[in-house]
**Q** 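What follows is a single structure, and I will ask about it in a moment.
Every chain is numbered from 1 and lettered A, B, ... according to where its sequence line falls, protein lines coming before strand lines.
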Protein chains: 2
Amino acid sequence: MLPFMQENVDEVSVPKRKRGRPAKSVDQRNESARRMALVCVAAKQFRQRGFHGTSTRDIAAAAGIQAGSLFYFFESKEAILHAVMRDGMAQAAVAQAAALEALGSRASGVTRLEALIRNHLQIMVGPESDFIPVMLYEWRLLSPEQRLDVAEQKDAYEAQWMPVLQALYRTGKLKARPEIARLLIFGALNWTAQWYSDSGSLSLDELTDQSLALFIGER
Amino acid sequence: MLPFMQENVDEVSVPKRKRGRPAKSVDQRNESARRMALVCVAAKQFRQRGFHGTSTRDIAAAAGIQAGSLFYFFESKEAILHAVMRDGMAQAAVAQAAALEALGSRASGVTRLEALIRNHLQIMVGPESDFIPVMLYEWRLLSPEQRLDVAEQKDAYEAQWMPVLQALYRTGKLKARPEIARLLIFGALNWTAQWYSDSGSLSLDELTDQSLALFIGER
DNA sequence: CCTACCGATCGGTAGG
DNA sequence: CCTACCGATCGGTAGG
């Protein structure tokens, strides 16, 4: 799974193009692709050893470039972390929207919650799940401005759960108040990054079922 | 709440005493008390800014000693982290045992779970709650030997939950399998360190009630 | 416990 | 993108 193409003008300043030219030059495409690859490499390392446990030299070496060259693409180490979180959240938002849309409008509340849980677990512990765990566990290392920026994406992502939880609360299947339930449920799911391993005997589907059983007593 | 007196012979080597002498000399008492205070100071800083975000100079300054003096008490920065986790877990184990014993032997499964949840939340977000969050969130920074050591305490603490969860599962109040339920519930509770604030309108009792409602639909 | 200090590492930059 | 390098910080130590 690749991070999004989404430009982040704050972090790499691209020279202004003249009007009338094509949208992106070959150079810009290559640069953008290279940058994406670097973000992926960084995400994996940050996930494995943490932000502070990963040096910019580590990232450069894993990407096959010289240590100083990283700063041609990113203005600082924090900017790399920010990019990992931005790209991860953008991707998570798309996956979640797709998961909900795939259900159609007549799906039950339980089915919707199940889809949200499965999708979130996939993001947390599935293959290619480096970005969001990094975001969740290295959150406080962002600058205030960066944090505000990512918080916007995160809030939008979490807000999608509220109508589902509210509906389940109204029908009595969810017994905890939706706002607190959301926080507790996200905690339970986010914590899976600490203990779930693909090699274990527990499949993602089983974990989804057990989560549903715990939270609303069904499935 | 003070960390435990528990000696950690691995970390500060105290000269062997001659037989027949009193258990601890005045010097050793003072040294031990000073060491405990340092662990408290370190716990607070690790909690606030993380292990890597806290320098040994920060800890020394907050404790009112010179930077190098820390290494008279601890052999390394990691040893301080280890001590925070050891002391925190020892304290948590005592608090949990007391919470269960206070119930007596005729308490219901729901009541027992409620007591466990309230106690754990207290440890996570109550006043003086620096130790366990540090343990949970800086876990991987320990050396393999240190990690094994703390894991022993942690496993014993978590094991106390199993009979309670199993009983609730048998009576049908808990719908998820006990082992997975334990992991998910701990996740939900451990995550409160990320969002709960004393200043908010949600009391610890309310949070306990809502957690119970979410997990077993009661209270 | 303090003073004085060291070696290593690290993020980041200049110039090409 | 690379080469070559800098300044700061940091964990830790020797000697008292």
**Q** Test of understanding: with salt bridge (charged side-chain N to carboxylate O under 4.0 Å, His left out), list the residues that count as partners of A:Arg49, not counting sequence neighbours.
**A**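 A:Arg49 satisfies salt bridge (charged side-chain N to carboxylate O under 4.0 Å, His left out) with A:Asp58 once adjacent residues are dropped.
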**Q** Check side-chain contact (heavy atoms from CB on, under 4.5 Å) between A:Ser201 and all other residues, then give those that pass, not counting sequence neighbours.
**A**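 For A:Ser201, no residue satisfies side-chain contact (heavy atoms from CB on, under 4.5 Å) once neighbours in sequence are set aside.
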**Q** Minimum heavy-atom separation for A:Tyr196 and A:Leu202, please, with both atom names.
**A**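 So the two residues come closest at OH-O, 2.7 Å.
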**Q** List the residues meeting side chain to side chain donor-acceptor pair (under 3.5 Å) with A:Asp205, not counting sequence neighbours, and say none if there are none.
**A** A:Arg118
**Q** Quick one: list whatever passes salt bridge (charged side-chain N to carboxylate O under 4.0 Å, His left out) with A:Arg140, sequence neighbours left out.
**A** B:Glu138
**Q** Over how many whole Å does the gap from A:Ile65 atom CD1 to D:dC1 atom P extend?
**A**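 Spelled out: CD1 on A:Ile65 to P on D:dC1 is 7 Å.
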**Q** According to side chain to side chain donor-acceptor pair (under 3.5 Å), who are the partners of B:Glu145, at least two apart in sequence or on a separate chain?
**A**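 B:Glu145 satisfies side chain to side chain donor-acceptor pair (under 3.5 Å) with B:Ser143 once adjacent residues are dropped.
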**Q** Mind checking what makes side chain to side chain donor-acceptor pair (under 3.5 Å) contact with B:Gln210, not counting sequence neighbours?
**A**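 Checked B:Gln210 against side chain to side chain donor-acceptor pair (under 3.5 Å); zero matches.
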**Q** Taking side-chain hydrogen bond (donor to acceptor under 3.5 Å, both in side chains) as the cut-off, I'd like each qualifying pair that reaches into residues 182-192 of chain A, sequence neighbours left out, listed once.
**A**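 Only A:His120-A:Asn190, A:Glu158-A:Arg182, A:Glu179-A:Arg182 qualify under side-chain hydrogen bond (donor to acceptor under 3.5 Å, both in side chains).
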**Q** Map every base of DNA chain C to its dot-bracket character, where paired means a Watson-Crick or G-U wobble contact with both distances under 3.5 Å and | marks a partner outside the strand.
**A** ||||||||||||||||
**Q** Reading nucleotides 9-16 of chain C from the 5' end, what letters show protein touch, with B for base, S for backbone sugar-phosphate only, - for no heavy atom under 4.0 Å?
**A** -BBBB---
